[in-house]
Engineer: 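Here it is, the structure, as structure tokens.
Proteins come first, then strands; the chains are lettered A, B, ... in the order of their sequence lines, and each starts at number 1.
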2 protein chains.
Amino acid sequence: MNPTIRDVSKLSGVSTATVSRTFFYPERVKKATREKVLEAARVLNYSPNAIARAMALQRTDKIAFLICKAHSSILDEFYAGICEGIMKESNAYDYQLLISTEEDWIAATNSAKRKQIEGVILGGNAKAERVLEFQNQNIHVVMVNNRIAGMNLPYVLSDERDGTRQAVQHLVERGHQKIAMIAGRFSPYICSERYNAFLDAMNEHGLKVESRYIRMSDPNIESAVEVATALLRQKDPPTAIFGANDVIAVGAIKAALRLGLRIPRDVAIVGYDDSSICCTTEPELTSVHIDRMRMGQICVQKLQALMRGEEIPEQVTVLPTWLNVRGSS
Amino acid sequence: MNPTIRDVSKLSGVSTATVSRTFFYPERVKKATREKVLEAARVLNYSPNAIARAMALQRTDKIAFLICKAHSSILDEFYAGICEGIMKESNAYDYQLLISTEEDWIAATNSAKRKQIEGVILGGNAKAERVLEFQNQNIHVVMVNNRIAGMNLPYVLSDERDGTRQAVQHLVERGHQKIAMIAGRFSPYICSERYNAFLDAMNEHGLKVESRYIRMSDPNIESAVEVATALLRQKDPPTAIFGANDVIAVGAIKAALRLGLRIPRDVAIVGYDDSSICCTTEPELTSVHIDRMRMGQICVQKLQALMRGEEIPEQVTVLPTWLNVRGSS
DNA sequence: GCATTGAATGTAAACAGTTACATTTTGCGC
DNA sequence: GCGCAAAATGTAACTGTTTACATTCAATGC
């Protein structure tokens, strides 16, 4: 039904090899021949069959982005951002991109091998076991926004420690001493990075971290509102709250507003991720910005290098973060 | 390097045909043989090669989701929701899903045909020309959240008219008469549906639509704040505002708060899409809910029916919407 | 005019499966 | 033990490319 290389070969009166070369190494065929071939292809509305090509070349140019994340919306703003970067860069390299949740991936009857994936970007909370599973199938792995201790992989991370440091410093500069943190129960790697960085930053400024100023919240607004309310209701409450992410920080804003507190006068609030919800609140939320798009792009670049067999220059890439100061602090 | 069907054939002492059948029509091979084959496959760590299979079968089970949308984040919450539904369902059918923006798609050097896509879901503001381009290549098309007049396609839509009607009715029931609408400049189909439905609904309730109560906003918060501020500042301002989507409605909330108005006492506000930002504001935003996930799933189901050559029962599927009432109204 | 050489082109064997058709095996009734 | 039908298995052609190697062509120097 669809025209094949042989049809073009016949119509243009050259061999299939020449037709193939016309498309893939045009400089190796004489101009006159090339034009004859292209004309024939145009007439027949021919274009090379990617499958046959993949078969002959033994490569698929197919990569996957696997989001390892249990609860809540999978393509939340954070991962959507990374995803966009991955999409953009995949298109640039003409890779085919498959996106899936870890859950769905496992459930699918086809194994990775059957899907002929040559590389995979693991996002979120992937476990070592999963990484090994891919590596055993000779599938290259890049990890984004997560790190597994003792596992030597190409990582793409953002500078959680510095971002947190900036947030704390900003609050200190605004005169705050009683700074609380609402830590989160989402990605363990991210949560512990931010939590530890917070402790360190407070330390650097010679500030005591009182345990009653440290709370944990689920990564949803209701939970954060609840936790923040309790935090703010105690006597001698904190004058500033650092939320482990924007959702939690927005919860804190809502809690403060409901308690009749003025932001940032009575309590200053800072979030993390700089997502779009920062501009929905009144006042708007100060937050640490992460270049998600860029993270995604770098993932694909690393994968490409791996697939080409190149040495990866930096195994772990840490992107800079910066604080976007808004009305809440 | 990877074991092939011939390796398994050799090791298990049967023909390649039998090996193939073992995997695809297990009931056609004797139990004893089957076990021998599977054991050999296990030993060799063999699994069938999807590319060779696609080649022999002349099908790829590959579909694409193309987001036709110029400005702003491509995978915004709305499309991410649809996307999740598509992902989920694709996995269920064992389809391979390719996601791309229209822009990147065009930029990619590979044509659809080369990518061997068997069906495509067009989201956003796709033009007729694009649809024809696919159909000319025998690629099935399903359209989501958009409709092209005079084009007979499978459509998956949500009930914009009824959603709008519910919003207006709700406001009327709350005693509002001076209801303004801030229409949007995003997807033309959606925007005109919601705008016309608004006019109709007002009409049904015997309410006049004053032109000074109708405004247009870009789909970002800053623009909406500006427009809403002007709207509310006029003398004899509206007592309720219906935003064409949540972003616009949130802008209206912010404008009202900044003007010192009490919500919903002085002005009630309703949005559309019921996205996560509805719960970030104080008070929270009443909004029309759309089952995005479901829309995505239905898209894949329709595509599957098309690809199987079945008659599609309903060419256009319209999903019900409902109003989630919150503090803003 | 004839080697020589490099460029252009052709030939045919992969790549890893599927499947129509041919052949063998099996089970069963007599 | 034989005939027969059905079940199980095997043979080999086919899917649409790429590419190593072989061949032909064209240009150059003598």
Side-chain angles (χ1 to χ4, degrees), chain A residues 1-38 40-41 44-62 94 110-111 113-118 137-138, chain B residues 1-38 40-41 44-62 94 110-111 113-118 137-138:
Chain A
M1 28 151 257
N2 268 340
T4 75
I5 206 171
R6 272 173 255 272
D7 298 324
V8 179
S9 147
K10 231 165 265 168
L11 181 59
S12 58
V14 303
S15 73
T16 59
T18 302
V19 177
S20 175
R21 280 189 282 256
T22 303
F23 282 96
F24 219 60
Y25 307 100
E27 73 284 1
R28 287 196 208 160
V29 356
K30 206 160 56 170
K31 189 149 175 257
T33 326
R34 193 162 57 210
E35 275 161 7
K36 231 172 17 179
V37 170
L38 291 176
L44 295 171
N45 187 27
Y46 165 84
S47 61
N49 181 310
I51 298 178
R53 180 141 218 278
M55 173 121 181
L57 289 177
Q58 296 284 82
R59 30 171 270 215
T60 58
D61 285 342
K62 203 185 288 178
D94 239 319
N110 280 346
S111 73
K113 218 193 250 171
R114 284 191 64 176
K115 290 196 168 169
Q116 307 299 131
I117 276 153
E118 300 185 299
Q137 300 183 304
N138 288 315
Chain B
M1 29 151 259
N2 269 339
T4 74
I5 204 170
R6 274 169 251 270
D7 298 324
V8 179
S9 148
K10 231 164 266 169
L11 181 59
S12 58
V14 304
S15 73
T16 61
T18 302
V19 177
S20 175
R21 280 189 281 256
T22 303
F23 283 95
F24 220 59
Y25 306 100
E27 74 284 1
R28 287 198 207 157
V29 355
K30 207 161 55 172
K31 188 148 175 259
T33 325
R34 194 162 57 211
E35 276 161 5
K36 230 171 18 179
V37 171
L38 290 176
L44 295 172
N45 187 26
Y46 165 84
S47 63
N49 180 310
I51 298 178
R53 182 142 215 276
M55 172 125 181
L57 289 176
Q58 298 283 82
R59 29 171 272 217
T60 59
D61 284 343
K62 201 185 288 178
D94 238 319
N110 280 346
S111 74
K113 217 193 250 171
R114 283 190 66 177
K115 290 195 167 168
Q116 307 299 132
I117 275 152
E118 300 185 300
Q137 300 182 302
N138 288 315

Engineer: Between A:Ser15 and C:dG10, does any side-chain N or O lie under 4.0 Å from OP1 or OP2?
Structural biologist: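 For C:dG10, OP1/OP2 do have a side-chain N/O of A:Ser15 under 4.0 Å.
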Engineer: Expressed in angstrom and rounded to an integer, what is the separation of A:Ile5 atom CD1 from C:dT11 atom C1'?
Structural biologist: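 Roughly 14 Å, once rounded to whole Å.
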Engineer: Reckon A:Arg53 has a side-chain N or O less than 4.0 Å from the OP1 or OP2 of D:dT18?
Structural biologist: yes
Engineer: Check the distance between C:dT18's C1' and B:Phe24's CZ and give it to me in whole angstrom.
Structural biologist: 10 Å
Engineer: Do any N or O atoms from the side chain of B:Arg34 and from the backbone of B:Pro26 form a donor-acceptor pair under 3.5 angstrom?
Structural biologist: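 Yes: the side chain of B:Arg34 pairs with the backbone of B:Pro26.
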Engineer: What's the CZ-P distance between B:Phe23 and C:dG17, to the nearest Å?
Structural biologist: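 Answer to the nearest Å: 9 Å.
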Engineer: Expressed in angstrom and rounded to an integer, what is the separation of A:Arg6 atom CZ from C:dG10 atom P?
Structural biologist: 14 Å
Engineer: From CZ of A:Arg21 over to P of C:dA8, roughly how many Å is that when rounded to an integer?
Structural biologist: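 Atom-to-atom, A:Arg21 to C:dA8, this comes out as 11 Å.
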Engineer: Quick check on D:dG16: is either OP1 or OP2 less than 4.0 Å from any side-chain nitrogen or oxygen of B:Gln58?
Structural biologist: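 For D:dG16, OP1 or OP2 has a side-chain N or O of B:Gln58 closer than 4.0 Å.
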Engineer: Just to confirm, is there a sub-4.0 Å distance from OP1 or OP2 of C:dA16 to any side-chain nitrogen or oxygen of B:Tyr46?
Structural biologist: no
Engineer: Run the side chain to side chain contact (heavy atoms under 4.5 Å, CB included) test on B:Ile51 and A:Thr60 for me, step by step, so that the C-alpha distance in whole Å, both residues' side-chain angles and the decisive distance to 0.1 Å come before the verdict.
Structural biologist: CA-CA 8 Å; B:Ile51 298 178; A:Thr60 58; 2.9 Å; yes
Engineer: B:Ser20 near the nucleic acid: base, sugar-phosphate alone, or nothing, with a heavy-atom cut-off under 4.0 Å?
Structural biologist: base
Engineer: If you look at every strand shown and take non-hydrogen atoms under 4.0 Å, does B:Val19 touch a base, only sugar-phosphate, or nothing?
Structural biologist: nothing
Engineer: As a quick check of understanding, evaluate side chain to side chain contact (heavy atoms under 4.5 Å, CB included) for B:Val8 and B:Leu44, giving each step before the final call.
Structural biologist: CA-CA 7 Å; B:Val8 179; B:Leu44 295 172; 4.0 Å; yes
Engineer: Do any of residues 27-37 of chain B sit with a heavy atom less than 4.0 Å from DNA chain C, and if so which?
Structural biologist: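 The stretch gives none, as no residue of it lies under 4.0 Å from the strand.
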Engineer: Output the distance between atom CD (A:Gln116) and atom CD (A:Gln58), rounded to the nearest 0.5 Å.
Structural biologist: 9.0 Å
Engineer: Hey, what do you get for CD1 (A:Ile5) to NZ (A:Lys10), rounding to the nearest 0.5 Å?
Structural biologist: 12.5 Å
Engineer: Please confirm whether B:Arg53 makes a cation-pi placement over B:Phe24, using NZ or CZ under 6.0 Å from the six-membered ring centre and within 45° of the ring normal.
Structural biologist: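 Yes, cation above the ring, under 6.0 Å and within 45°.
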Engineer: To the nearest Å, give me how far apart CG (A:Asn2) and C1' (D:dT15) are.
Structural biologist: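 In whole Å, D:dT15 C1' and A:Asn2 CG are 13 Å from each other.
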Engineer: Less than 4.0 angstrom between a side-chain N/O of B:Tyr25 and OP1 or OP2 of C:dT19, yes or no?
Structural biologist: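 Indeed, a polar side-chain atom of B:Tyr25 lies that close.
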Engineer: Does A:Ala17 or B:Leu57 map to a spot on DNA chain C nearer the 5' end, using the closest nucleotide for each?
Structural biologist: A:Ala17
Engineer: What distance do A:Leu38 atom CG and A:Thr33 atom OG1 have between them, rounded to the nearest 0.5 Å?
Structural biologist: 10.5 Å
Engineer: Nearest heavy atom decides the nucleotide; on that basis, is A:Thr4 or B:Val14 closer to the 5' end of DNA chain D?
Structural biologist: B:Val14
Engineer: Which whole-number value in Å describes the distance from B:Asp7 CG to C:dA16 P?
Structural biologist: 9 Å
Engineer: Give a yes/no answer on whether the side chain of A:Thr18 brings an N or O atom under 4.0 Å of OP1 or OP2 in C:dG10.
Structural biologist: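 Yes, such a contact exists.
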Engineer: Tell me the interatomic distance from A:Met55, atom CE, to D:dT19, atom C1', rounded to whole angstroms.
Structural biologist: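 These atoms are roughly 15 Å apart.
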Engineer: To the nearest 0.5 Å, how far apart are NZ in B:Lys30 and OG1 in B:Thr22?
Structural biologist: 12.5 Å
